[in-house]
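These notes are about the structure you will find just below.
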Amino acid sequence: MLYDAVIVGSGFGGAFTALALTEAGLRVLLLERGQPVARDDGDWDPRQILLGERYRGFPVQVRQYGARKYSDMHHHEVVGGSSVFYGGASLRMRPADLERWPITYDDLEPHYTRAEALLDVHGIAGADPHDPPRSAPYPRASIDFTSPAKRIHDAARTLGHRPFALPMALNFRDDSRPLCILCNTCDGYPCRIEAKNDLTATVLRQAQTQGLEIRAGVIAKRLVSDGARVRELECVDGETGEDYVFTGSRYIVAGGALQTPALLLRSGLGATPGGRWVGRRLMRHCNAVVTGVFRKRTNPEGTFHKQLCFTDFYDDMRDRFGTATGTIQDIYTPARQVIEHHAPPGLRWAAGWLTAFMQNLLCIAEDDPRVDNRVTLGEPDRFGVAAPRVDHEYCAADYERRDYLVARARRVLQVAGAWTTRVYEIDSFSHGVGSVGMASTPEQGALDAQCKVWGMDNLWVPDGSAFSTSSGVNPSLTIAANALRVTPAMIATNA
């Protein structure tokens, strides 16, 4: 069958593109490497999700933090992509964050508003001291702070900070669907009861009512092009090894900041006019978790509390670096089993016991788009598909921004009652962006301002790899808004 559009990847870029194209009446096929989420008790089991990697995909080879050798890293692969495991944080970039992009905040603003509506985001307009201009309020108001969040809120206020309710894509108020029960298995877990507004419960479901076809368990091997047009997509079934070929008038690659450049490189598209940038300038934020250990149990009720955000320091280093500094957010404490698993032998019981006395803050610092942070092709998997190979190191400015936030997070935790704190580096690529990159010319990036690959008439990349910079906020909402922004150009293309 000839489709009007073939999309690779069901995360924020692929899902929002699929919805816009199906709403325009196009016949759309969406391909996903992973399988649908089970939605059973195992999805709230830390042994299965955080340790057993129930939904682990094929390995990516990663070299980071000064390592000499590559190590295998596994990411979750499911229909809905990372939205199934994220904690629902839904923040907009600020106008200054887009100064090095080929678009402006005004270009994105109406699409931010629609993305918030589709995800049913709960928030309070204007509560963020650095809130960017908006044309509409949030669809729903935030809920009251639970006691662990209020502890951090009160300490921050004592220090003169202005914490606010983190905008969240969780279902707190729509009783036509399962409501959030304020459990402590949200960030990092699928929602067993579908109270998280992930893409399977919202955007993809709506697109399927418009005719979207989803095929799970399909690995994209390479795009076959003829001059300036992609002619077909070669794929393989992840279970049987059976080969497929899919054809369409338009091709959209939205596999994320690691898989998207790998597919383009496997397809020989490093030879396009902007192709030298494919895989370059990978960003992921320079993140750290600051853990405070308290003398009293921090969350005896076991309740949800990822509710707070601080942007007081967002622009403190803008004049020096031309970047945001970043944000601080409340974040959950991993389950006791996870803490024990990662603790040194001999200290595991003690570390697990201390879990009940911990509370954490996540520091999200902007990182620079460095040319040497890149995705190339590594060893082939059992189907002969070359896996992404990642080389990543932070620069001194990245660490300076991160440490600036860490110092302030530590102070908040101390005022809240923590008697000691510890900092943990983040080694995942859950906020990965920028490995293809929009730009005004092919000399500056692999994509034009409409996320079309330079030199190709029918190939677009509307996921996080299109970012020019990373800003200091979770990228999910911006990926969604940008995908909605560029789909009219896809629809208008004479395919």
Side-chain angles (χ1 to χ4, degrees), residues 12 82 86-101 103-105 108-109 112 121 123 127-134 156 161-168 187 257 281-290 306 308-331 360-370 373 392 394-410 412 423 425-426 428-434 437 464 466-482:
F12 281 94
S82 61
Y86 87 141
S90 301
L91 288 160
R92 299 182 178 199
M93 285 188 179
R94 288 94 226 281
D97 292 330
L98 295 151
E99 287 180 352
R100 288 186 282 173
W101 291 46
I103 61 173
T104 68
Y105 178 81
L108 278 176
E109 199 287 326
Y112 272 131
V121 176
D128 177 353
H130 288 271
D131 205 13
R134 54 172 47 247
H161 303 326
R162 295 164 290 176
F164 60 95
L166 179 64
M168 301 292 288
D187 208 349
R281 298 184 296 208
L282 172 66
M283 296 165 280
R284 64 173 183 183
H285 287 143
C286 191
N287 294 343
V289 172
V290 184
K306 184 182 176 179
L308 281 179
C309 186
F310 307 80
T311 59
D312 300 82
F313 327 109
Y314 197 81
D315 284 327
D316 283 7
M317 296 185 172
R318 184 82 68 180
D319 290 343
R320 281 189 61 201
F321 296 124
T323 65
T325 307
T327 56
I328 299 173
Q329 297 176 16
D330 197 0
I331 193 171
N360 308 285
L361 292 175
L362 171 65
C363 299
I364 301 176
E366 180 162 8
D367 55 334
D368 287 332
R370 302 177 65 226
N373 285 340
H392 185 277
Y394 290 118
C395 67
D398 297 338
Y399 284 122
E400 186 171 349
R401 288 184 286 264
R402 184 200 69 181
D403 293 346
Y404 186 85
L405 295 174
V406 164
R408 282 143 186 83
R410 269 188 159 137
V412 171
V423 179
E425 292 181 318
I426 303 295
S428 76
F429 287 82
S430 59
H431 286 194
V433 295
F467 282 28
S468 305
T469 57
S470 68
S471 80
V473 299
N474 182 298
S476 301
L477 191 70
T478 301
I479 297 171
N482 188 55

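Note that the structure is a prediction, hence the values are computed from the model and not measured. Numbers here are sequence positions counted from 1.
- In this structure, R408 satisfies the cation-pi test against Y404, with its NZ or CZ atom closer than 6.0 Å to the six-membered ring centre and inside 45 degrees of the ring normal.
- Atom CD1 of residue I103 and atom CG of residue L108 lie 4.0 Å apart, to the nearest 0.5 angstrom.
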**OP:** May I have the step-by-step check of side-chain contact (heavy atoms from CB on, under 4.5 Å) for L166 and L308, ending in yes or no?
**Re:** CA-CA 5 Å; L166 179 64; L308 281 179; 6.0 Å; no
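- To the nearest 0.5 Å, atom CG of residue D368 and atom SG of residue C286 are 10.0 Å apart.
- In this structure, OG in S471 is found 10.0 Å from NE2 in H431, a value given to the nearest 0.5 Å.
- Between the Y112 side chain and the L91 main chain, no donor and acceptor come within less than 3.5 Å of each other.
- Within the cation-pi definition used here (under 6.0 Å to the ring centroid, within 45° of the axis), R401 qualifies as a partner of F321.
- In plain terms, the two heavy atoms of D330 and N360 that are nearest each other are OD1-O, 3.1 Å.
- With rounding to the nearest 0.5 Å, the separation of CG in N287 from CD in E425 is 11.0 Å.
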Subject >> Pair T323-M317, side-chain contact (heavy atoms from CB on, under 4.5 Å): steps then yes or no >> reply: CA-CA 7 Å; T323 65; M317 296 185 172; 5.5 Å; no
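- Between F313 and H161, the ring planes are perpendicular. Angles over 60° get that label, and only those under 30° would be called parallel.
- The aromatic rings of F467 and W101 are tilted relative to each other, their planes meeting at an angle between 30° and 60°.
- Without hydrogens or angle criteria, Y314 side chain to P129 main chain gives no donor-acceptor distance under 3.5 Å.
- Using a cut-off of 4.0 Å between Lys/Arg side-chain N and Asp/Glu carboxylate O, R284 and D398 are scored as not salt-bridged.
- Residue T311 is tested with D128, T325, T327 for a side chain to side chain donor-acceptor pair (under 3.5 Å); the sole match is D128.
- Between M168 and G87, the shortest heavy-atom distance links the atoms CE-O, 2.8 Å.
- I328 and L405 get closest at one heavy-atom pair: CD1-O, 3.6 Å.
- The OG1 atom of T469 sits 5.5 Å away from atom CZ of R100, with the distance rounded to the nearest 0.5 Å.
- Looking only at atom types and distance, the side chain of D367 has a donor-acceptor partner in the side chain of S470 under 3.5 Å away.
- The line from CG of L477 to CZ of R92 is 7.0 Å long, rounded to the nearest 0.5 Å.
- Looking at every heavy atom in both residues, L361 comes nearest to F310 through CD2-CE1, 4.5 Å.
- Put simply, the side chain of R281 never gets that close to the backbone of G437: no donor and acceptor are under 3.5 Å apart.
- Across P163 and D312, no two heavy atoms sit closer than the pair N-OD1, 4.5 Å.
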Subject >> Y394 vs N373, side-chain contact (heavy atoms from CB on, under 4.5 Å): CA-CA, chis, key distance, verdict >> reply: CA-CA 8 Å; Y394 290 118; N373 285 340; 5.8 Å; no
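- Remark: side-chain polar atoms of N474 are paired, donor with acceptor, to backbone N or O of S476 under 3.5 angstrom.
- Contact record, E366 with A324: OE1-N, 2.8 Å, taken as the closest heavy-atom pair.
- Within the 4.5 Å cutoff, side-chain heavy atoms of V423 are placed close to those of R410.
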**OP:** Please report the C-alpha distance between H392 and F429 in whole Å, then the side-chain angles of each, then the deciding distance to 0.1 Å, and finally whether the side-chain contact (heavy atoms from CB on, under 4.5 Å) criterion is met.
**Re:** CA-CA 10 Å; H392 185 277; F429 287 82; 4.1 Å; yes
